[in-house]
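All remarks here apply to the structure that follows.
None of these values were measured; they are calculated from a predicted model.
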Amino acid sequence: MARGVEASAPLQDVLAPGGPQAAHILSLWHLTLGVCTLVFVAVLAAFLVALVRGQRGRAGAGMGPPDLRSLAAPERGPHRGVASGVVASTLLLVFLIVASVLTDRALAQLSTRDALQLQVTANQWWWEVRYDGAPADTFTTANEIHVPVGRPVVVTLKSNDVIHSFWVPSLAGKKDLIPGRTATLQFRADKPGLYRGQCAEFCGAEHAWMAFDILAEPPAQYEAWAARQRGSAPAPQDARTMRGQQLFVSTTCVMCHTIQGTTAAATHGPDLTHVAGRRTLAAGTLPNTAQDLKRWIRDPHKIKPGVNMPASNLSDEDLDALVAYLGTLS
């Protein structure tokens with residue numbers, strides 16, 4: 001049912017950039033790490049020097065009274081050291097601020113010519129993905145984003161409930177999705193493969209189970225995938241899958257989900273027109289297998305407590321027929 005994809009880099013790894021946006025952020029991270037490491041070493045060295053001098057001073061003074069002459073006539077050396085430290089710290093902070101501003105400008109300068117336009121809407125706890133274009137080219141999927149390698153992508157971000165955060169570490173920085181407001185994010189995947197994304201803003205009990213995949217594919221492979229997504233769901237071919245389709249459109253499933261080519265046209269839950277072609281179920285919670293799909297439909301609250309989807313009261317035979325039907329929707 002699910003399709004395997006070779007990852008070109010470790011999943012959700014900020015140190016493995018797959019595009020120019022993540023590469024700019026990684027360069028700033030390396031620079032900041034280097035500066036902070038130098039400061040840490042300098043502070044530690046100064047501390048060790050002071051510690052050694054203090055030990056020597058106490059050893060030379062024996063048990064006599066402490067030397068307080070520096071209180072009446074302050075030493076110039078320590079004053080110059082403190083002043084030099086303040087100046088150096090200020091200059092380094094200004095340097096990091098300038099580097100941050102330049103990185104921000106570099107992120108904003110990504111060319112969006114001929115960009116792929118997406119609209120991602122966050123829900124508790126899944127992602128709706130709409131591919132915008134001409135009416136005939138527009139389609140909707142969920143929790144899995146396909147993009148062509150080397151082509152810029154502009155993502156319009158919205159939220160249907162609470163604050164979420166869209167984050168794909170190997171491709172771009174974080175961007176919050178705030179109810180009632182619209183944000184945009186640009187990125188480009190230069191390496192084919194699988195990139196894991198995650199909601200990075202606590203959004204409720206199942207925040208940790210709100211993930212998504214970005215699959216960067218060669219342009220021809222992406223176009224073939226998009227062409228399949230624009231089509232309606234295939235018609236059932238045998239009695240069992242026909243029974244499954246009948247169950248879907250005659251039970252509570254039809255109140256939340258869409259399957260193009262059937263009477264199911266609700267938008268409260270993910271579009272299931274091509275659900276069998278996705279890698280995972282429930283926003284990265286389960287692998288997309290028949291066994292896990294059956295578990296999910298039977299009682300999703302055992303797997304993802306708090307989810308809006310109700311448990312099913314279908315018999316085991318009917319549940320198998322429904323799963324068999326959904327398994328044909330590739």
Side-chain angles (χ1 to χ4, degrees), residues 115-133 135 137-147 153-168 171-172 174-187 195-201 203-204 206-215 222 225-226 228-233 248 252-262 264-286 288 293 296-297 300 304 306-310 326 329-330:
L116 178 65
Q117 301 287 334
L118 304 179
Q119 179 175 296
V120 174
T121 303
N123 303 269
Q124 290 178 310
W125 293 273
W126 62 282
W127 306 86
E128 179 185 76
V129 185
R130 177 185 173 91
Y131 285 72
D132 291 328
D137 295 332
T138 299
F139 60 89
T140 302
T141 182
N143 303 320
E144 188 172 287
I145 301 172
H146 290 239
V147 299
V153 180
V154 176
V155 186
T156 301
L157 300 168
K158 299 180 179 180
S159 172
N160 270 341
D161 35 55
V162 300
I163 298 176
H164 301 272
S165 186
F166 185 92
W167 187 34
V168 192
L171 294 177
K174 301 175 185 177
K175 183 73 75 167
D176 284 349
L177 297 82
I178 301 174
R181 298 180 61 180
T182 299
T184 58
L185 177 72
Q186 300 86 31
F187 68 86
Y195 301 94
R196 188 179 189 273
Q198 177 71 42
C199 178
E201 180 78 23
C203 56
E206 297 305 321
H207 160 70
W209 288 116
M210 188 174 173
F212 61 94
D213 288 333
I214 291 185
L215 287 87
Y222 164 77
W225 172 84
R228 292 193 300 271
Q229 299 302 304
R230 296 185 188 105
S232 297
F248 188 93
T252 55
C253 302
V254 76
M255 299 174 63
C256 294
H257 298 285
T258 290
I259 296 181
Q260 300 291 338
T262 73
T267 58
H268 298 294
D271 187 310
L272 301 181
T273 305
H274 299 287
V275 64
R278 298 170 193 161
R279 295 182 61 259
T280 65
L281 301 168
T285 306
L286 296 170
N288 193 357
L293 179 57
W296 174 253
I297 297 173
K304 200 169 184 176
V307 70
N308 289 327
M309 181 173 169
L326 292 175
L329 305 182
S330 59

Are any of the side-chain heavy atoms of W296 and V307 separated by less than 4.5 Å?
yes
Looking at side-chain heavy atoms only, is the closest gap between I145 and V120 below 4.5 Å?
yes
Does any N or O in the side chain of H146 come within less than 3.5 Å of the main-chain N or O of L215, such that one atom is a donor and the other an acceptor?
no
Atom of W125, atom of G306 and distance for their closest heavy-atom approach:
CZ3-O, 3.3 Å
Starting from the C-alpha separation in whole Å, work towards a yes-or-no answer on side chain to side chain contact (heavy atoms under 4.5 Å, CB included) for F187 and V155.
CA-CA 8 Å; F187 68 86; V155 186; 3.7 Å; yes
For the pair L281 and T285, evaluate side chain to side chain contact (heavy atoms under 4.5 Å, CB included) and give the outcome as yes or no after the intermediate values.
CA-CA 6 Å; L281 301 168; T285 306; over 6 Å; no
What one should report as the nearest heavy-atom pair of I178 and S159 is C-CB, 4.2 Å
Within this structure, what is the CD-OG distance for the pair Q198 and S165, rounded to the nearest 0.5 Å?
10.0 Å
Which atom of A283 lies closest to which atom of W126, heavy atoms considered:
CB-CA, 4.0 Å
Looking at W209, is its backbone amide N or carbonyl O close enough to the side chain of K304 to form a donor-acceptor pair, meaning the two atoms are under 3.5 Å apart?
yes
To the nearest 0.5 Å, what is the distance between SG on C199 and CH2 on W167?
11.5 Å
Using only atom types and a distance under 3.5 Å, with no angle test, would you say the side chain of N288 pairs donor to acceptor with the backbone of R278?
yes
N123 CG to M210 CE distance, which is reported to the nearest 0.5 Å
6.5 Å
Has T273 got a side-chain atom pairing as donor or acceptor with Q260's backbone, closer than 3.5 angstrom?
yes
Look up atom OG1 in T184 and atom CG in L118, then write down how far apart they are to the nearest 0.5 Å.
12.5 Å
Of all the heavy-atom pairs spanning V154 and Q186, show the shortest one and how long it is.
CG2-CG, 4.1 Å
Just verifying a value: how many Å separate E206 CD and Q124 CD, rounded to the nearest 0.5 Å?
10.0 Å
Note, E128 side chain near T140 side chain (heavy atom, < 4.5 Å)
yes
Please report the C-alpha distance between N143 and D213 in whole Å, then the side-chain angles of each, then the deciding distance to 0.1 Å, and finally whether the side chain to side chain contact (heavy atoms under 4.5 Å, CB included) criterion is met.
CA-CA 7 Å; N143 303 320; D213 288 333; over 6 Å; no
Is the backbone of D271 close enough, under 3.5 Å, to the side chain of H257 for a donor and an acceptor to pair up by distance?
no
Please report the shortest heavy-atom distance between A211 and R196, naming the atom on each side.
CB-NH2, 3.3 Å
Give a yes or no answer on whether the side chain of T258 reaches the backbone of A266 with a donor-acceptor pair at less than 3.5 Å.
yes
Parallel, tilted or perpendicular for F212 and W127, by the 30°/60° rule?
perpendicular
H274 side chain vs G231 backbone, donor-acceptor pair below 3.5 Å
yes
Residues D176, K174: salt bridge by 4.0 Å N-O rule:
no
Between E144 and R279, is there a donor-acceptor pair closer than 3.5 Å when you use the side chain of the first and the backbone of the second?
yes
How long is the straight-line distance from OG1 of T138 back to CD of Q117, given to the nearest 0.5 Å?
11.0 Å
Indicate yes or no: at least one non-hydrogen side-chain atom of D132 is less than 4.5 angstrom from one of T156.
no
Does P179 reach the side chain of I163, with side-chain heavy atoms less than 4.5 Å apart?
yes
Side chain to side chain contact (heavy atoms under 4.5 Å, CB included) for E201 and V162? Distances and angles first, verdict last.
CA-CA 10 Å; E201 180 78 23; V162 300; over 6 Å; no
